[in-house]
Amino acid sequence: MKNHIIADMFEKMAAVLEFKGEMPFKVNAYRKASRVIGDLQVDIEQIWRQGRLEDIPGIGSGLAKKIDEFLRTGRMTKYEEVMADVPPGLIELLEIQNLGPKTLALAHEKLQVNNLEDLKRVLADGSLARLPGMGAKKAENIIKGIELYERAKGRISLGIAVPLVEEIITQLQERTSVKRISPAGSLRRMRETVGDIDILVETEKGAEIIAEFVHLPQVTRVLAAGDTKGSIIVEGEIQVDLRAVRPESYGSALQYFTGSKAHNIHLREIAKKRGLKISEYGIFCGKKQLGGSKEEEIYENLDLVWIPPEIREDRGEIERAAEHNLPNLVSLEDIAGDLHVHSNYSDASISIEEIARKAKELGYSYIAICDHSQSAKYARGVEVERSKHKWQEIKQLNTKISGITILSGTEVDILADGTLDYPDEILAQMDIVVAAIHSGFKQRVTERLIAAMQNPYVNIIAHPTGRLISKREGYEVDLDAVLRVAAQTGTALEINAYYDRLDLSDVNARRAADMGIKLAINTDAHLLEHFRMMRLGVGVARRAWLEPKDVLNTWPLEKIRQFCQQKWQKLK
DNA sequence: GCCGTTTTCGGCCCGACTGTTTTCAGTCG
Ligand SMILES: Nc1nc2c(ncn2[C@H]2C[C@H](O)[C@@H](COP(=O)(O)OP(=O)(O)OP(=O)(O)O)O2)c(=O)[nH]1
Ligand SMILES: [Mg+2]
Ligand SMILES: [Mg+2]
Ligand SMILES: [Zn+2]
């Protein structure tokens with residue numbers, strides 16, 4: 001798909017046009033087009049072939065012509081013109097905090113700044129500070145921005161951010177008189193990574209709380225500390241933004257601070273068209289405040305139903321909320337079991353009994369013990385003989401422990417030739433078969449996954465793209481082809497909830513569900529603590545607009561057995 | 001550059017904070 005190529009081109013053009021002093025609204029038009037194209041669920045080339053480019057919101061005749069030229073010829077004249085006279089490496093300096101397009105243009109024109117080295121030079125020799133409109137403090141703030149820029153580690157995983165935010169919230173509750181308090185921003189929306197941590201507090205005494213906030217023990221740097229806003233850097237170069245508002249604005253502030261930015265702008269446009277105004281302080285008709293204490297009031301005053309944070313991305317949720325037709329998103333309470341966890345039969349250290357008791361404690365009604373298969377020497381894969389032992393143990397435990405059904409399963413390796421690491425006779429005796437690729441990430445991955453899905457005993461493909469958020473992109477795989485075969489064969493795909501995987505991702509899971517594919521949200525736990533990550537997987541599922549009907553492990557066990565049986569019937 | 005049951009022209013989300021200003025521009029959320 002060329003969607004992301006075109007989205008990136010428009011985003012770059014927006015940045016360069018802004019740098020060149022182009023009309024802000026034109027710049028915005030490029031930004032919006034970039035976002036919308038990046039978020040499209042379908043191939044833009046398909047829309048183009050149907051001659052429907054201008055049906056895409058934010059795409060008019062001008063941008064449609066540019067897209068058309070690009071798709072026909074592989075080139076975009078306007079893009080080349082815009083980028084032509086811009087030194088490479090200049091525009092990326094806009095990532096530096098406190099250095100925006102105006103200042104960068106000034107430094108470029110007046111002082112021939114073309115890269116980071118040049119910028120450091122004009123800051124060190126004071127020449128930037130001497131330019132009109134500049135000054136010592138502005139220069140100092142840019143220097144601080146460069147320090148952060150050079151140390152920054154990029155976005156952090158949701159699974160790392162969640163415990164951090166919980167700790168800060170606890171600390172604030174212990175040390176101050178906050179009333180309501182909530183995570184906000186991308187973390188509340190459960191994005192797989194977050195650029196920073198955003199927290200909202202309800203208080204009559206903002207300044208006091210922010211003073212306490214910037215003095216927390218883990219603070220390494222204070223970026224700002226006012227009456228309503230504070231911003232700090234904590235250990236690990238992670239930025240935390242705190243916003244404090246009075247009770248009558250807590251709901252509207254939570255709405256604002258949760259975002260996304262595009263969602264906020266869309267809501268505010270709707271309000272404006274109706275003669276209303278939304279800000280973080282409330283929803284207003286002239287001077288009269290219509291609501292703001294509770295988040296629901298913002299939506300209700302626009303005749304929208306309250307929208308769950310996870311889908312607030314301006315990807316159609318506002319239109320659906322207007323029709324009172326939002327999806328009934330799957331929630332943690334709907335989860336009835338975990339269909340992929342490891343025991344001490346393979347590379348985990350937890351016993352099946354411990355796992356079963358933990359699962360019961362979580363209120364699950366079933367749990368599948370899916371250990372690695374025989375060739376997986378890296379993970380103490382289970383030999384056929386030991387597998388039989390395992391079945392025995394599970395059988396005994398199922399009589400011993402009531403209130404939970406332990407399923408015997410496997411995470412069978414898909415080998416280099418596309419065959420599975422157990423013979424069918426063994427797979428046939430498992431309650432559930434999860435198959436996955438753990439080696440040969442660049443070798444005919446698509447064909448191997450397809451071959452695995454064509455096996456009648458394979459029920460779920462685990463971590464279908466193999467990406468690791470912090471380490472690697474994932475397999476070389478044609479996901480469209482995989483999705484088609486998953487749909488045909490009745491094979492479920494996993495949303496692996498392990499924080500560094502979250503695979504399938506939100507967008508891919510949504511595509512899968514749109515094709516009628518069932519998903520299973522599994523923790524792939526190797527430790528009892530890993531069971532906690534189910535909520536991350538549920539977050540991904542909610543961002544994918546999944547309902548309980550889409551998610552295998554919200555179903556009663558009998559229905560799962562039927563699902564497996566149906567595939568077997570079809571493919572045997 | 002996009003968009004439209006108040007418009008095909010004249011709008012485009014709204015506010016905090018800082019620093020450089022003598023009334024506001026730039027940056028950020
Ligand atoms: N109305 C409005 N709200 C904004 C704007 N920029 C940011 N916000 C709101 C919505 C964001 O979710 C929220 C927090 O800002 P952040 O920059 O931290 O963004 P967010 O957390 O969504 O993403 P992140 O993962 O931090 O990059 O503030 C804006 O320009 N207008
Ligand atoms: Mg954020
Ligand atoms: Mg933030
Ligand atoms: Zn596993």
Side-chain angles (χ1 to χ4, degrees), chain A residues 10 13-14 17-19 21-36 53-67 78 82 93-107 129-142 144-145 148 184-186 194-200 206-207 210 222-231 239-245 249 252-284 292 298 302 314 318:
Chain A
F10 283 166
M13 289 168 84
L17 289 170
E18 190 174 33
F19 164 78
E22 183 55 88
M23 301 270 306
F25 298 114
K26 189 188 276 195
V27 171
N28 258 338
Y30 277 91
R31 287 235 156 87
K32 178 170 184 195
S34 169
R35 179 185 63 78
V36 170
L53 283 177
E54 289 182 47
D55 290 354
I56 304 170
I59 307 295
S61 60
L63 291 177
K65 274 206 189 69
K66 294 175 179 70
I67 297 168
K78 174 80 175 182
V82 167
L93 298 183
L94 290 171
E95 285 168 36
I96 296 167
Q97 279 195 18
N98 307 317
L99 177 65
K102 301 290 180 194
T103 310
L104 188 64
L106 193 70
R130 282 193 295 275
L131 292 179
M134 296 297 295
K137 288 191 176 168
K138 278 192 170 179
E140 189 52 42
N141 283 333
I142 296 170
K144 285 182 185 160
L148 288 179
S186 49
V194 299
D196 65 1
I197 291 175
D198 302 293
I199 302 174
L200 178 71
I210 283 157
V222 178
L223 300 179
D227 288 353
T228 70
K229 261 169 138 173
S231 194
Q239 181 169 334
V240 186
D241 291 345
L242 185 76
R243 188 82 199 249
V245 294
S249 296
S252 44
L254 186 58
Q255 193 288 311
Y256 148 74
F257 211 25
T258 297
S260 68
K261 175 178 168 175
H263 176 92
N264 288 355
I265 290 174
H266 195 158
L267 282 189
R268 288 169 182 210
E269 283 169 353
I270 293 172
K272 202 182 175 77
K273 281 200 193 100
R274 299 188 179 197
L276 307 177
K277 184 185 70 165
I278 296 174
S279 75
E280 59 265 52
Y281 296 108
I283 180 161
F284 300 90
I298 303 301
L302 298 178
D314 195 25
I318 293 173

Nearest-Å distance once atom P is located in both B:dG19 and B:dC3
39 Å

Nearest-Å distance, CG (A:D55) to C1' (B:dC2)?
14 Å

Rounded distance (Å) that lies between atom P of B:dC28 and atom CD1 of A:I96:
10 Å

A:F257 CZ - B:dC28 C1' separation (whole Å)
11 Å

Using the rule given for side chain to side chain donor-acceptor pair (under 3.5 Å), can you reason through A:E280 versus A:S249, listing the C-alpha separation, both sets of side-chain angles and the distance that settles it, and then say yes or no?
CA-CA 7 Å; A:E280 59 265 52; A:S249 296; over 6 Å; no

As an exercise, state the distance from CZ of A:R35 to CG of A:N28, rounded to the nearest 0.5 Å.
11.0 Å

Classify A:S231 by what it touches in the nucleic acid, base, sugar-phosphate, or nothing, heavy-atom distance under 4.0 Å.
nothing

Roughly how far, to the nearest 0.5 Å, is CD of A:E269 from CD1 of A:I278?
10.5 Å

Are side-chain N/O atoms of A:S61 and A:E54 paired as donor and acceptor at under 3.5 Å?
no

Measure CD/A:E18 against P/B:dT27 and give the value in whole Å, please.
8 Å

Please check: side-chain N/O of A:T258 versus main-chain N/O of A:L254, any donor-acceptor pairing under 3.5 Å?
yes

Rounded off to whole Å, could you give me the NZ-to-C1' distance for the A:K32 and B:dC3 pair?
9 Å

Given the C1' atoms of B:dA25 and B:dT7, what is the spacing between them in whole Å?
31 Å

Take atom NZ of A:K273 and atom P of B:dG4, then tell me their distance rounded to the nearest Å.
7 Å

B:dT7 glycosidic conformation (syn if within 90° of 0, otherwise anti) is syn

Which whole number of Å gives the distance between the P atom of B:dG4 and that of B:dT8?
13 Å

Is there a Watson-Crick or G-U wobble partner for B:dC17 with both distances under 3.5 Å, and which nucleotide is it?
B:dG26

Euclidean distance, atom CD of residue A:E95 to atom C1' of B:dG29 [Å, nearest integer]:
17 Å

Rounded to the Å, how far apart are A:M13 CE and B:dG1 P?
8 Å

How far does the P atom of B:dA16 sit from the matching atom of B:dG11, given to the nearest Å?
24 Å

For nucleotides 12-22 of chain B, just jot down a letter per nucleotide in 5' to 3' order: B, S or -, based on protein non-hydrogen atoms under 4.0 Å.
BBBSSS-SS--

Begin from the C-alpha positions of A:F10 and A:I67 and carry the test side chain to side chain contact (heavy atoms under 4.5 Å, CB included) through to its verdict.
CA-CA 10 Å; A:F10 283 166; A:I67 297 168; 3.8 Å; yes

For nucleotides B:dG26 and B:dT21, find the distance between their P atoms and express it as a whole number of Å.
12 Å

Euclidean distance, A:L267 CG relative to A:Y256 OH, rounded to 0.5 Å:
14.0 Å

